[in-house]
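The next block holds one structure in the form of structure tokens; read it before the comments.
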Amino acid sequence: MNTTPFQALACPLDGDPLERRDGAWRCATGHGFDIARQGYVHLLPVQHKRSRDPGDGKEMVAARRRFLEAGHYRPIAEAVSRAVLADAPAGATLNCLDAGCGEGYYLRELAATETEAEKAQGEASMLSLLGVDISKWAVLAAAKRQKNATWAVGTNAHLPVQANSLDRVLCLFGFPVYPEFARVLKPGGELLLVEAGPDHLRELREIIYPSLKPPRAGDHAVPAGFTRLVGETLRYSIDLDGAEPIADLLAMTPHLHRASAEGREKAAALESLSVTVEVRLTRLARDG
């Protein structure tokens with residue numbers, strides 16, 4: 001699909017619209033945010049940081065990049081892309097945010113999707129893409145790989161985005177902040193969530209933990225300001241051969257820090273692993 005950078009950014013200090021000029025994003029009040037040579041902008045004020053270097057570190061970003069580019073989560077990316085484009089009018093421009101974009105894999109896969117209208121009629125839709133992540137290392141990696149998008153260091157709790165400016169918001173294995181998502185979505189725009197199901201990575205978890213906690217009861221309440229649409233559950237198995245992909249999988253999940261030293265040693269000793277992928281794709285429409 002044709003893609004273009006997203007333009008409707010907002011100043012993280014006063015909420016005013018930002019305009020791109022002279023190598024920076026600037027608001028009318030006079031705040032300016034330089035665009036790094038790699039193409040991203042830092043829109044995370046110090047008062048919104050909980051640590052000196054928040055979010056995923058270099059090693060975790062690199063592990064996720066290797067694992068995702070090996071194709072292990074491609075069925076998830078394909079399902080997300082189908083959901084994003086499902087009700088898009090032919091020839092329309094969709095403004096799309098990946099909130100917690102990591103190193104940009106899902107937006108790159110979305111940009112590479114060819115719609116049925118394009119196949120049949122050659123009529124290309126346009127995607128206006130924005131990726132926001134609290135990790136500067138993740139945003140840096142994303143900006144290096146995909147130039148025709150806007151990449152920003154920021155937080156889901158205070159998105160540097162103008163109100164009512166987005167058609168789609170993706171939150172994939174992330175931390176949803178529903179009031180913020182409702183604020184930035186246009187009426188009728190859609191929020192797409194991907195969350196781990198009860199059996200997601202079960203075989204790995206059985207190795208690194210002494211016992212597994214029972215699955216938490218699902219919270220099926222619809223957030224205020226949204227209406228639930230039809231979603232889906234994806235379930236399949238992947239075979240990991242060699243220590244590196246297993247180590248990468250562990251490194252890109254919260255389990256790396258939750259597991260004991262003994263559990264991490266057990267995972268490091270593995271040479272192969274067949275593991276279940278189970279995720280829920282939830283679609284929510286922003287009320288008008």
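Enclosure of atom NZ in K58 is not indicated, since only 12 or fewer non-hydrogen atoms of other residues, nucleotides or ligands lie within 6.0 angstrom. Y236 OH: more than 12 foreign heavy atoms inside a 6.0 Å radius. Counting heavy atoms of neighbouring residues, nucleotides and ligands inside a 6.0 Å radius, atom CZ of R37 does not exceed 12 of them.
Contact record, A267 with I207: N-CG2, 4.2 Å, taken as the closest heavy-atom pair. Nearest heavy atoms, A141 versus V61: CB-CG1, 3.9 Å. Considering every non-hydrogen atom in both P245 and F67, the closest pair reads O-CD1, 3.9 Å. L192 approaches V80 most closely through the heavy-atom pair CD2-O, 3.9 Å. Heavy atoms only, all atoms of each residue included: A143 and G39 are closest at CB-C, 4.4 Å. Of all non-hydrogen atoms in L193 and P176, the two that sit nearest each other are CD2-CB, 4.1 Å.
By the rule that hydrophobic residues join a cluster once side-chain heavy atoms approach within less than 4.5 Å of another member, L191 and V222 end up as members of one cluster. Linking ILVMFWY residues whenever their side-chain heavy atoms come closer than 4.5 Å, directly or via other members, places L256 and L212 in the same cluster. The same ILVMFWY cluster, assembled from side-chain heavy atoms under 4.5 Å apart, contains both V184 and L13. The hydrophobic cluster containing L172 does not contain V177, counting ILVMFWY residues as joined when their side-chain heavy atoms lie under 4.5 angstrom apart, directly or transitively. A single hydrophobic cluster is not seen to contain both L229 and L166; linkage of ILVMFWY side chains at heavy-atom distances under 4.5 Å, directly or through other members, places them apart.
Counting heavy atoms from C-beta outward, D14 and C27 have side chains that approach closer than 4.5 Å. At least one side-chain heavy atom of H72 sits less than 4.5 Å from a side-chain heavy atom of L240. Put simply, the side chain of W137 does not reach to within 4.5 Å of the side chain of M60, judged on heavy atoms. Considering only heavy atoms from C-beta on, R286 comes within 4.5 Å of N164 through its side chain. Within the 4.5 Å cutoff, the side chain of V277 has heavy atoms near those of the I238 side chain. Considering only heavy atoms from C-beta on, L94 comes within 4.5 Å of L85 through its side chain. The shortest distance between side-chain heavy atoms of T282 and R228 falls below 4.5 Å. Within the 4.5 Å cutoff, the side chain of H31 has no heavy atoms near those of the P45 side chain.
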**Study point:** Worked verdict on H255 versus R264 for side chain to side chain contact (heavy atoms under 4.5 Å, CB included)
**Key:** CA-CA 9 Å; H255 302 301; R264 293 193 295 270; over 6 Å; no
**Study point:** Check against side chain to side chain contact (heavy atoms under 4.5 Å, CB included), M252 and R66
**Key:** CA-CA 10 Å; M252 63 181 264; R66 289 191 297 265; over 6 Å; no
Exercise for review: Report the C-alpha distance between V279 and E195 in whole Å, list the side-chain angles of each, state the deciding distance to 0.1 Å, and finish with yes or no for side chain to side chain contact (heavy atoms under 4.5 Å, CB included).
Suggested key: CA-CA 5 Å; V279 299; E195 301 167 294; over 6 Å; no
Point to revise | Derivation and outcome, side chain to side chain contact (heavy atoms under 4.5 Å, CB included), residues L170 and L97 | key: CA-CA 6 Å; L170 313 180; L97 161 68; over 6 Å; no
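Under the 4.0 Å criterion applied to side-chain N and carboxylate O atoms, E103 and R65 are not assigned as salt-bridge partners. Note on R202 versus E206: salt bridge recorded, some NZ/NE/NH1/NH2 to OD/OE distance being below 4.0 Å.
Within the 3.5 Å criterion, the main-chain N or O of H42 finds no donor-acceptor partner in the side chain of W25. Looking at H200, its side chain does come within 3.5 Å of a backbone N or O of E278 through a donor-acceptor pair. Of the possible donor and acceptor atoms, none in the side chain of R64 sits under 3.5 Å from a partner among the backbone N and O of A138. For D133 (side chain) and A152 (main-chain N/O), no donor-acceptor pair under 3.5 Å exists by modelled atom type. In this structure, T113 contributes its side chain and E109 its backbone to a donor-acceptor pair below 3.5 Å.
Between the CG atom of L250 and the CZ atom of R258 there is a distance of 11.5 Å, given to the nearest 0.5 Å. Rounded to the nearest 0.5 angstrom, L127 CG and N2 CG are separated by 8.5 Å. Taking CG from L129 and CE from M1, the interatomic distance works out to 9.0 Å, rounded to the nearest 0.5 Å. Annotation: the span from L110 atom CG to R108 atom CZ amounts to 12.0 Å, rounded to 0.5 Å. Q162 contributes atom CD, which lies 10.5 Å from atom CG of N95 (distance to the nearest 0.5 angstrom). Between the CG atom in L107 and the SG atom in C96 there is a gap of 6.0 Å [rounded to 0.5 Å].
The closest side-chain donor-acceptor pair between S272 and D241, if any, does not fall under 3.5 angstrom. Judged purely by distance below 3.5 Å, without hydrogens or angles, the side chains of T276 and E203 pair a donor atom with an acceptor atom. Side-chain contact of T227 with D287: a donor-acceptor pair under 3.5 Å is present, judged by distance alone.
Ring geometry, Y178 versus F181: the interplanar angle exceeds 60°, so the pair is classed perpendicular (tilted spans 30 to 60°).
Checked against the 6.0 Å centroid threshold, Y106 and Y73 do not count as a close aromatic pair.
Residue pairs meeting the side chain to side chain donor-acceptor pair (under 3.5 Å) criterion with at least one member in residues 179-194, sequence neighbours excluded: D167-K186, E180-R183, E190-R283.
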